[in-house]
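By convention here, the first residue in the shown sequence is residue 1. Note that the structure is a prediction, hence the values are computed from the model and not measured.
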Amino acid sequence: MASVPSSAPASASRLQDQVDDTVRIIRENIKKVSERGENLDSLQGKTDDLAVHSDGFRRDANKVNKRMCSKLIKSRMYLIGCIIFLLVVLLIIPVVTLVLHRHS
């Protein structure tokens with residue numbers, strides 16, 4: 001009968017330990033990949049929501065911008081109108097008083 005070296009059971013035990021460690025590492029990696037997939041799905045949902053909200057924000061910002069531009073134009077028109085009115089009044093009063101004093 002052939003003799004089995006005494007180191008064979010120890011070698012088989014070491015080999016089994018290595019296989020067990022490898023299986024454990026593979027399971028951990030699979031779990032991590034699964035968690036990353038869930039995180040990616042969550043991030044995808046969040047980016048979709050963000051895209052929808054950013055479009056709404058852009059539309060609202062454009063509306064506000066148009067309103068503010070309109071108000072700015074109106075206020076400038078009022079200011080220009082007031083300046084023209086004051087210039088007319090300041091020019092007409094001296095001319096009228098000058099004409100009245102000449103006719104008197």
Side-chain angles (χ1 to χ4, degrees):
M1 230 184 192
S3 68
V4 176
S6 63
S7 66
S11 176
S13 176
R14 264 186 284 131
L15 186 59
Q16 184 61 45
D17 289 343
Q18 289 176 350
V19 169
D20 291 342
D21 284 342
T22 303
V23 169
R24 180 184 53 80
I25 291 170
I26 289 172
R27 285 184 180 154
E28 288 176 5
N29 288 341
I30 290 171
K31 181 180 176 185
K32 288 177 184 177
V33 167
S34 175
E35 289 172 356
R36 281 188 208 133
E38 291 171 2
N39 290 340
L40 289 175
D41 290 342
S42 174
L43 285 175
Q44 181 65 41
K46 289 177 183 178
T47 56
D48 291 342
D49 290 344
L50 185 59
V52 169
H53 291 297
S54 67
D55 286 341
F57 178 79
R58 183 179 40 80
R59 280 192 304 273
D60 292 346
N62 285 337
K63 287 178 187 176
V64 169
N65 190 26
K66 287 178 183 178
R67 265 191 249 132
M68 293 308 292
C69 285
S70 174
K71 285 183 179 184
L72 179 64
I73 290 171
K74 286 179 185 177
S75 66
R76 286 184 179 174
M77 294 300 287
Y78 289 135
L79 181 63
I80 290 170
C82 290
I83 290 172
I84 290 172
F85 176 76
L86 286 175
L87 287 174
V88 168
V89 168
L90 291 175
L91 291 175
I92 290 179
I93 291 177
V95 170
V96 169
T97 54
L98 186 69
V99 169
L100 289 177
H101 283 301
R102 283 190 183 175
H103 288 294
S104 306

Asks: Okay, side chain of S42, backbone of E38: is any donor-acceptor separation there less than 3.5 Å?
Replies: no
Asks: Taking the side chain as every heavy atom from C-beta outward, state whether I80 and I84 have any atom pair closer than 4.5 Å.
Replies: yes
Asks: List for me each residue that meets side-chain contact (heavy atoms from CB on, under 4.5 Å) alongside D55, sequence neighbours excluded, and say none if there are none.
Replies: R58, R59
Asks: Got a second to check how far L43's CG is from L50's CG, nearest 0.5 Å?
Replies: 11.5 Å
Asks: Distance alone, cut at 3.5 Å: any donor-acceptor contact between the side chains of D48 and Q44?
Replies: yes
Asks: Mind checking the CG-CD1 spacing from D21 to I25? Nearest 0.5 Å is all I need.
Replies: 6.0 Å
Asks: For a 4.5 angstrom cut-off between non-hydrogen side-chain atoms, does R102 reach V99?
Replies: no
Asks: When you look at CZ of R24, are more than 12 heavy atoms from neighbouring residues, nucleotides or ligands closer to it than 6.0 Å?
Replies: yes
Asks: Donor-acceptor pair, T22 side chain versus Q18 backbone, under 3.5 Å?
Replies: yes
Asks: Quick check for you: to the nearest 0.5 Å, what is the distance between S54 atom OG and D49 atom CG?
Replies: 10.5 Å
Asks: Are F57 and M68 linked, directly or through other ILVMFWY residues, by side chains that come within less than 4.5 angstrom of each other?
Replies: no
Asks: Please determine whether residues V96 and V88 belong to a single hydrophobic cluster, defined as Ile, Leu, Val, Met, Phe, Trp and Tyr linked transitively by side-chain heavy-atom distances below 4.5 Å.
Replies: yes
Asks: Return the set of residues passing side-chain contact (heavy atoms from CB on, under 4.5 Å) with I83 (not counting sequence neighbours), or none when no residue passes.
Replies: L79, L87
Asks: Quick one: does C69's side chain get under 4.5 Å of N65's, heavy atoms only?
Replies: yes
Asks: Sequence neighbours left out, what pairs pass side chain to side chain donor-acceptor pair (under 3.5 Å) with at least one residue falling in residues 66-80?
Replies: none
